[in-house]
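I have placed the structure first, in the form of structure tokens, so that the comments after it can refer back to it.
Reminder, nothing fancy here: chain letters follow the sequence lines and each chain counts from 1.
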2 protein chains.
Amino acid sequence: MARLKDVAQRAGVSTATVSNVLRGAKPATPAVQRRVLAAAAELGYVPNPHAQSLRTGHSRALGLVVPDLTNPYFPALVQAIEATARALGYALIVMDAGNDGEREHDSLVLLATYRVAGVVWVPVDDRQTVDWPFPIVTVDRPLDGCDAVVADHAQGGALVAAHAIARGHRRVGLLSGPRALASAAARRTGFLGAAAGALEIAWEHEVPFSSELPPAAVERLAAPDCSLVVCANDAIAVGALRALRAAGARVPQDVSVIGFDDVPWAEFVEPALTTVRQPLAALGAGAVAMLHARIAAPGDARRFETHPVTLVTRRSVADRQAATVAAASPAGGRP
Amino acid sequence: MARLKDVAQRAGVSTATVSNVLRGAKPATPAVQRRVLAAAAELGYVPNPHAQSLRTGHSRALGLVVPDLTNPYFPALVQAIEATARALGYALIVMDAGNDGEREHDSLVLLATYRVAGVVWVPVDDRQTVDWPFPIVTVDRPLDGCDAVVADHAQGGALVAAHAIARGHRRVGLLSGPRALASAAARRTGFLGAAAGALEIAWEHEVPFSSELPPAAVERLAAPDCSLVVCANDAIAVGALRALRAAGARVPQDVSVIGFDDVPWAEFVEPALTTVRQPLAALGAGAVAMLHARIAAPGDARRFETHPVTLVTRRSVADRQAATVAAASPAGGRP
DNA sequence: AAGGCTCGGTTAAACGATTAACCTCTGCTT
DNA sequence: AAGCAGAGGTTAATCGTTTAACCGAGCCTT
């Protein structure tokens, strides 16, 4: 592989000059410029990233630490992160923390020894320290003193409330996620805020983000006493679907279900799940862009970016408005 | 961060000695050994990987190139690869080819400039060249002249045939995958081989690996004329489920469906899918181990490793044995 | 007792970039 | 005309390792 020295030789200048024109660090005579560029092109010169890193003290690589790749939430995120990192000229070193705080810590020190230029981090839990020798931006779990990009969970909650209202629901059950997670809490309060006055909360269970519902919840779903169960998660939603089916209730004719996340298989369950979609691609791209900016300007103020979510309506929530109208019309309708 | 020189100073020896004892490259006096180790430990010395790479010409990093992270097949694979790579002391640079041959090629050259020690590669298609400046092991798509680890697709096919037979099916329909893909072809021939004599193939459609079935296939499923449709893929299987449901057939009472892959949501569809599970973790770990061995011994003969798959039986295939017995017993059964 | 081996260690030269310091012209200013 | 500034280059040091070449001191061998 061609080295700087080779390019210099071929262009008839010193390595310093080559380095400078290639990086645009110092102005050069048009003639020299031309010769250097030509030589570099002809030799297919690509700088050795290790030499660069050794000299400059930081590499043109980014780290990515995620709690668990196997979580359906992440692949799309990682994909977006890798794509925009590459577009910006970074390589991406990814580490899976296996949902384990210690392993996560190890990942970070590894990245430190690799002198990555920065890392995008999805912490396994909300309380984490951020004193690392590289800039960090977290995704979806803001840590104080550290850049962050998050989805607008509260808006998402509001979206499902609005949808429920629009579809004529009045009594809903709530399968909310772990209150300790900021995102789950935001979804809940967003929902509650938008529901206030229009929606009656028949009951609420706080359940883990899993399709295995705790006994109390499945018992409740055997006699739901509501027309819609709103779930903090698509996984929870399939748990609800399952419990409802087991109890002989038809979804959505008897009771509707709404999820959150729009995991890749949300359209594959029966019935296809109405849910709110997280802007995974935007989140990933935003995170990398933010990191890039931070690397360029370490001193700037903390950045915080929240991305809007969208409702994707499929078949798991019924339109009771239509039903109501149809039922009401013959009885007391006016001409 | 502590450098080799610092350790040397503290131990009162030369940097060469430190380097040698730390790597066990040259024997040293017990006393020196002790002093060096102690000094390194006290300073928390970790070698600078970039300096190492620059000097040795290869980095202690592995590359991973996958066609599309978003494919449910990959996350578990990537996770296993990352885990064992890390256990072996490698960092993992992952690149998503976005199902695009050109982008895949770019990924490889990028990895080359990074001087990775080796790469595990899931090629986007079967015909690819392998002359790269690093050792390669492919996963699931053997390329000639290059190490490979694959799942035993043929065995998987045989497994589904055996299961079909055991459950008393006689006439089956086949939704086979793209014949051009070696894995799909292997599944098919494995199935056909084990089915020979015992199972009648009512019909066969070659369909893409997607839940969107071509019209001919959905039409066929409207009047399946078989008790079981075997699918080359879980995605195809949910397509079949959907078409069957649309046609008013109950699964598995009227017709059974069996998939392949055991994607993470196979248990979430209705009914939960009986399918064959790929040993993703073993595949990933095996690939990295093989790569590690190859890096240590570049000259060795080509390695090829095939991992067994397993049938995971859930609820999408009915037991017609029981039905047959029940139906036959009253009529012509003996005491 | 002198020469040859090992053994355990050191010196110094790479690896391929970046970058501070310096040098040499031109072209202006005064 | 002398002096100065600045533009455009070059030289050489440096980043932190690895590793070939070397060196001195004991220990055998003959």
Checklist outcome for this item: note: A/Leu4, atom CG; C/dC15, atom P; distance rounded to Å ~ 13 Å

Next on the checklist: I'd like to compare against my own output: the B/S/- annotation of nucleotides 4-11 of chain D with a strict under-4.0 Å heavy-atom distance to protein.
Outcome noted: ----SBBB

Checklist outcome for this item: Between NZ of A/Lys5 and P of D/dA12 the distance, given in whole Å, is 14 Å

Checklist entry - With sequence neighbours left out, which residue pairs that include part of residues 131-141 of chain B fulfil the side chain to side chain donor-acceptor pair (under 3.5 Å) condition? => result B/Thr129-B/Asp131, B/Asp140-B/His153

Item to check | side chain to side chain donor-acceptor pair (under 3.5 Å) pairs, two or more places apart, involving residues 277-286 of chain A | outcome: A/Asp261-A/Gln278, A/Asp262-A/Arg277

Checklist entry - D/dT14 C1' sits how many Å from B/His50 NE2, rounded? => result 17 Å

Checklist entry - What's the CG-P distance between A/Asn48 and D/dC15, to the nearest Å? => result 18 Å

Checklist entry - Is the shortest side-chain N/O distance from B/Arg23 to OP1 or OP2 of D/dT19 below 4.0 Å? => result yes

Pairs under 3.5 angstrom only: tabulate donor-acceptor contacts from the side chains of residues 109-120 of chain B to other protein residues two or more places apart or in another chain.
{"from": "B/Thr113", "atom 1": "OG1", "to": "B/Leu110", "atom 2": "O", "distance (Å)": "3.1"}
{"from": "B/Tyr114", "atom 1": "OH", "to": "A/Arg60", "atom 2": "O", "distance (Å)": "2.9"}
{"from": "B/Arg115", "atom 1": "NH1", "to": "B/Thr113", "atom 2": "O", "distance (Å)": "2.9"}

Checklist entry - Could you give the NE2-to-P distance, from A/His58 to C/dT19, as a whole number of Å? => result 8 Å

Checklist entry - Side-chain N or O of A/Tyr45 less than 4.0 angstrom from OP1 or OP2 on C/dA17? => result yes

Checklist entry - Considering residues, nucleotides and ligands other than B/His105, do more than 12 of their heavy atoms fall under 6.0 Å from its NE2? => result no

Checklist entry - Taking CG from A/Leu22 and C1' from C/dA17, how many angstroms apart are they, rounded to a whole number? => result 11 Å

Item to check | B/Thr29: side-chain hydrogen bond (donor to acceptor under 3.5 Å, both in side chains) partners, not counting sequence neighbours | outcome: none

Checklist entry - Do any pairs count as a salt bridge (charged side-chain N to carboxylate O under 4.0 Å, His left out) and have a residue in residues 81-107 of chain A, sequence neighbours left out, and if so which ones? => result A/Glu82-A/Arg86, A/Glu82-B/Arg103, A/Arg103-B/Glu82

Checklist outcome for this item: Rounded to whole Å, the CD-P distance (B/Gln9 to D/dT17) equals 13 Å

Item to check | Euclidean distance, atom CG of residue A/Leu54 to atom C1' of D/dT17 [Å, nearest integer] | outcome: 8 Å

